[in-house]
Asks: 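Below is the structure I would like to discuss, written out as structure tokens.
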Amino acid sequence: MIPFIILAVIAIAGALGVILGRQPVHSALALVGNILALAVLYLLLSAEFLAVAQVIVYAGAIMVLFLFVVTLLTAGKEEGEPPEELGGQRWWAGIFAIGVGVVLAVLAITHPGSAVNTGIPSNFGTIDGLGHLLWGPDFLYLMAVAIMLLTAAVGILVLNRPMKRPRVSRPGRRES
Amino acid sequence: MIQFILLIVKVILLLLILMGGFAYTMLAERRFLGFFQLRLGPNRVGPWGLFQPLADAVKMMLKEDLMPLQADPVVYRLAPVFSLLAALSVDAVIPFGAPIHIFGQTVSLDIANPGIGLLIAFAFSSLGIYGIVLGGWASQNKYSLLGGIRASAQMISYELAMGLSVLGVLMMAGTANLESIVLAQRAQGWFFLPQIIPFLIYFTTAIAETNRTPFDLPEAESELVAGYHTEYSGIRFAMFVMAEYINMMTVSGLAVTLFFGGWLGPSFLPPIIWFFIKMAIVIFVFIWIRATFPRFRYDKLMSFGWKVLLPVSFVYFLGTAAFVSGIL
């Protein structure tokens, strides 16, 4: 229980840091802290592969891309709030967030997962167990996710395709 | 209780080995670079310059710790610490030798031996990039920032190929536990023979991940002064350098573990000695490459990573999968 409380406090502090941070880089760092705390929480729940995947994918790749963009765009900028365009949206966001949180908590308490009664299987969370799930009963979902990711990749290629331009003959081949 | 004491002792020993290894890897690198370039290198402090690292350490600790006025103080101080922390923590899962028997206990020569050790090593090493990016950003200096941005782009690009290149080893051994991978090589032979192309890709990407020549664009001194650590001085600069050298030792240790049979070797030397001999050879190749190749150009670096290393490692990965599953 004590590790859970410590990690929960870190995770919530990180989440608050994301929305309260004035500098985008500080927000990104807070999000990294939040992600790492969640990873350790997964470890406590004996989902070791999920924990490592969380660190490699989210902390190690996605947040680095975030930081890449943020550092590129905010270098040397004066900090300052842009004028608020939608009045009162912060309040609405807060109210909805609390509402969703309450609904989730109620659902979690009234409909606990089957593992609460049956206990977790012996190979739960290991590469082995996860592999058997993904390539066995959950194969359909795996394929659905694969198609979704493929669609996204194709979409990026389509959106970023070079404009059709008349070919200009260039003297000598030079790369920028 | 004795397990706990052993753990503490192992952690302290590992830190001592890594720090001492850092100091003398650096000296070896400077001496070797000297020989490669037909000059002497540091040879004045002690016999063959053996006390040079001590002198450097004292110098680094006594130097003034400067911080630019524009810098973001928290992130600026955090960045080198993060860098060093990520570098040190990877080594916790590397088995340096066969389990030994001492005081009636069986002691494995790693801090932890989790079932997914290989993935944990990758998870920690993927965090090392933060120190560089944040250091470059927090300095609020054009050159540092460019170095940090280059580092993030480069490391993300090469991490993919690196991950794919070790998956073949993972499949052949049938486990992600580093100790089991070493033991699997006792039965199947060292993995660098069947996995020679993934090994070369791993080694190339390892040089890129540790930001060493010819992939040292984040600190390219002819273009960016010193890149992400331009503004750092004193002990914080030393932390970045330590992180770089410890990362080099770590990727060498992982290369030995994954491809060269870890601590395995003829029995006239103890296993841990074999491990360090192999590791030293890999580190020497690192230094050799540094002395030989000029720096990549940025666009060539990117196209090499994405258009050569990644497809080749992917094809070899699929081939290994087909072979291991018995289709081929």
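The chains referred to below are lettered A, B, ... by the order of the sequence lines, with proteins before strands, and numbering in each begins at 1. Being a predicted model, the structure only gives us computed values, none of them experimental. What you see below is based on every heavy atom in this structure, not just the backbone, and it leaves out hydrogens, waters and symmetry mates.
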Asks: Sort A:Val57 into side chain, backbone, both or neither according to what part of it lies under 4.5 angstrom from a heavy atom of chain B.
Replies: neither

Asks: Answer yes or no: does atom OH of B:Tyr298 have more than 12 heavy-atom neighbours from other residues, nucleotides or ligands under 6.0 Å?
Replies: yes

Asks: Against chain A, label B:Ile156 side chain, backbone, both or neither, depending on which of its atoms sit under 4.5 Å from a heavy atom there.
Replies: side chain

Asks: Which bit of A:Leu29 comes within less than 4.5 Å of chain B, counting heavy atoms only: side chain, backbone, both or neither?
Replies: side chain

Asks: Please classify the contact of B:Leu160 with chain A as side chain, backbone, both or neither, using a heavy-atom distance under 4.5 Å.
Replies: neither

Asks: Can you check whether A:Leu67 reaches A:Met63 side chain to side chain, under 4.5 Å on heavy atoms?
Replies: no

Asks: Does any heavy atom of chain A fall under 4.5 Å from the side chain of B:Leu127, the backbone, both, or neither of them?
Replies: side chain

Asks: At what distance, to the nearest 0.5 angstrom, does OG1 of B:Thr210 lie from CG of B:Asn247?
Replies: 7.0 Å

Asks: If you tally heavy-atom pairs under 4.5 Å against chain A, which of B:Phe122, B:Tyr130, B:Phe124 wins?
Replies: B:Tyr130

Asks: Are there more than 12 heavy atoms of other residues, nucleotides or ligands under 6.0 Å from atom OH of B:Tyr76?
Replies: yes

Asks: For A:Leu157, is the CG atom crowded, meaning more than 12 foreign heavy atoms sit under 6.0 Å from it?
Replies: yes

Asks: So, taking the atom named OG in A:Ser27 and the one named CG in A:Leu16, what distance separates them when rounded to the nearest 0.5 Å?
Replies: 11.5 Å

Asks: Let me know if B:Ile149 has heavy atoms under 4.5 Å from chain A in its side chain, its backbone, both or neither.
Replies: both

Asks: Could you tell me which of B:Ser126, B:Ala151, B:Gly163 has the largest number of non-hydrogen atom pairs under 4.5 Å with chain A?
Replies: B:Ser126

